[in-house]
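A short write-up of the structure that comes next.
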Amino acid sequence: MLGPTLWAVSDLHAAVKANQAKIDLIQPRHEGDWLIVAGDVAEKFELIVNVMGVLAQRFEKVIWAPGNHELFSSERSRYRGRDKYVALVQAMRELGVVTPEDPYPVFHGITVAPLFTLYDYSFRPQHLSVDAALKKARDNNILMTDEFAIRPFVDTRAWCWERLAYTTKRLSRVHGKTILVNHWPLVKEPTHRLFYGDIAMWCGTRHTRSWPKRFQAQAVVYGHLHIPGTVHVDGIPHIEVSLGYPREWQRWPEEHRWPYPVWEVNR
């Protein structure tokens with residue numbers, strides 16, 4: 001008999017009206033169920049907080065790792081860059097939601113670690129510099145919203161490297177098995193499924209590749225690519241749990257599982 005379950009979702013994009021019915025379906029099935037939300041809840045601060053507040057009321061514990069859309073802002077935004085992340089962390093804490101700045105919770109003996117690592121353009125052809133790779137993407141008509149909704153307000157590469165050092169130190173203090181949660185993939189392999197390969201530059205950093213094995217990950221949960229499914233790397237399942245946009249989730253096969261049950265406890 002199954003007991004409590006650790007569920008996972010990402011890329012809810014709650015500003016899209018058609019996604020609301022899918023968000024309404026995110027419900028616990030057992031007493032004691034937890035929920036991972038691996039980023040891209042929405043762009044507007046108030047909407048992010050509202051959606052997370054609803055989910056926090058449904059589940060015993062909710063764990064949040066931010067994505068790039070949470071960081072989007074403009075010159076008119078109340079919070080921008082690092083300030084927006086700090087404000088969101090405070091808002092999540094007020095809701096009782098676990099953030100990457102909080103002690104990692106333990107779900108029936110396994111440590112669940114929400115991470116926030118960003119990207120540093122290192123998922124690029126290694127013979128190209130960052131500038132050359134970005135120019136190649138532009139020449140191929142690839143321009144990510146991050147370049148004008150995040151980059152003008154913070155040095156994403158520098159922030160990524162700070163987060164890598166900070167997170168490595170925190171994970172090194174964890175003993176035993178883990179489930180690692182990040183919005184961006186921790187390894188490059190999932191990006192091989194992208195239709196436009198240049199997009200991989202905005203999808204993570206090569207410096208996290210050793211983390212799943214090093215920190216005894218039983219699973220890695222991520223989002224961002226809008227290509228739900230599981231890729232095994234070094235024997236470890238890397239599970240994308242994204243909802244995405246209606247044009248994407250409407251193509252899901254009937255047997256697709258969402259929310260995804262990452263860890264189920266047998267009673």
Side-chain angles (χ1 to χ4, degrees), residues 2-14 16 18-42 51-52 54-56 58-67 69-70 97-98 100 104-116 177-187 189-191 193-194 203-204 211-212 217-233 235-246 248-266:
L2 290 178
T5 299
L6 174 64
W7 301 94
V9 298
S10 74
D11 298 78
L12 299 178
H13 296 289
V16 179
N19 281 9
Q20 188 57 56
K22 289 288 186 181
I23 296 171
D24 291 341
L25 294 175
I26 305 172
Q27 301 282 349
R29 298 182 191 173
H30 305 91
E31 185 177 350
D33 281 6
W34 288 19
L35 177 69
I36 291 167
V37 182
D40 280 7
V41 176
V51 171
M52 293 301 295
V54 169
L55 296 175
R58 296 176 185 170
F59 289 82
E60 181 175 289
K61 190 178 292 293
V62 173
I63 299 162
W64 169 76
H69 280 248
E70 276 95 341
V97 172
V98 179
Y104 298 143
V106 178
F107 182 78
H108 294 268
I110 191 162
T111 299
V112 184
L115 315 177
F116 172 45
K177 297 176 180 179
T178 67
I179 291 173
L180 302 182
V181 179
N182 197 45
H183 178 66
W184 297 270
L186 295 184
V187 297
E189 279 83 343
T191 69
R193 298 188 292 171
L194 290 167
C203 294
W211 288 8
Q218 305 305 291
V220 176
V221 175
Y222 70 97
H224 191 60
L225 305 183
H226 296 197
I227 311 174
T230 301
V231 175
H232 287 82
V233 179
I236 299 168
H238 293 246
I239 308 162
E240 176 161 357
V241 295
S242 60
L243 174 63
Y245 299 111
E248 296 161 335
W249 55 255
Q250 286 169 356
R251 298 198 301 264
W252 286 354
E254 287 187 11
E255 65 272 16
H256 180 81
R257 295 196 293 173
W258 188 90
Y260 191 90
V262 177
W263 202 257
E264 298 173 294
V265 177
N266 289 315

Closest non-hydrogen atom pair between Ala56 and Val62, with its separation: CA-CG2, 3.7 Å
Donor-acceptor contact below 3.5 Å, side chain Glu248 vs main chain His226: no
Would you name the heavy atoms of Cys203 and Trp184 that are closest together and state the gap between them? O-CB, 3.5 Å
Return the minimal non-hydrogen interatomic distance between Ile227 and Arg193, and the atom names on each side. O-NH2, 3.0 Å
First locate atom OH of Tyr260, then atom OG1 of Thr230, and finally report the distance between them rounded to the nearest 0.5 Å. 4.5 Å
Chi angles and distances behind the side-chain contact (heavy atoms from CB on, under 4.5 Å) call for Leu194, Leu225: CA-CA 8 Å; Leu194 290 167; Leu225 305 183; 4.2 Å; yes
Pairwise distance CZ(Arg29) to CH2(Trp7) - rounded to 0.5 angstrom: 3.5 Å
Determine whether more than 12 heavy atoms belonging to other residues, nucleotides or ligands lie under 6.0 Å from atom CD of Gln250. yes
Could you report the tightest heavy-atom contact between Asp11 and Leu243, atom names first, then the distance? O-CB, 3.5 Å
Relative to each other, are the rings of Trp258 and Trp252 parallel, tilted or perpendicular (30° and 60° limits)? tilted
Beyond-backbone contact of Asn182 with Val220, side-chain heavy atoms, under 4.5 angstrom: no
side-chain contact (heavy atoms from CB on, under 4.5 Å) between Leu115 and Trp211: does it pass, once the steps are laid out? CA-CA 11 Å; Leu115 315 177; Trp211 288 8; 4.0 Å; yes
Hey, what do you get for NZ (Lys61) to CD1 (Ile36), rounding to the nearest 0.5 Å? 12.5 Å
How far does CD of Gln27 sit from CG of Leu55, to the nearest 0.5 angstrom? 8.5 Å
With heavy-atom distances below 4.5 Å as the criterion, would you say the side chains of Trp34 and Pro28 are in contact? no
Report yes if the distance between the aromatic ring centroids of Tyr245 and His13 is under 6.0 Å, otherwise no. yes
Donor-acceptor pair, Glu70 side chain versus Asp40 backbone, under 3.5 Å? yes
Here the gap from Glu189 atom CD to His232 atom NE2, rounded to the nearest 0.5 Å, amounts to 13.0 Å
Taking His183 for its side chain and Ala38 for its backbone only, find out whether a donor-acceptor pair lies under 3.5 Å. yes
Can you name the closest pair of heavy atoms from Ser10 and Gly223 and give their distance? OG-CA, 3.3 Å
Nearest non-hydrogen partners of Val187 and Pro190, listed with the distance: O-CD, 3.3 Å
Hey, are the side chains of Trp249 and Pro228 touching, using non-hydrogen atoms and a 4.5 Å cut-off? no
If I take atom CG from residue Leu6 and atom CZ from residue Phe59, how far apart are they, to the nearest 0.5 angstrom? 10.0 Å
Looking at Val112, Ile179, Val221, which hits side-chain contact (heavy atoms from CB on, under 4.5 Å) with Trp263? Ile179
Judged by atom type as modelled, is there a donor-acceptor pair below 3.5 Å linking the side chain of Asp33 to the main-chain atoms of Thr5? yes
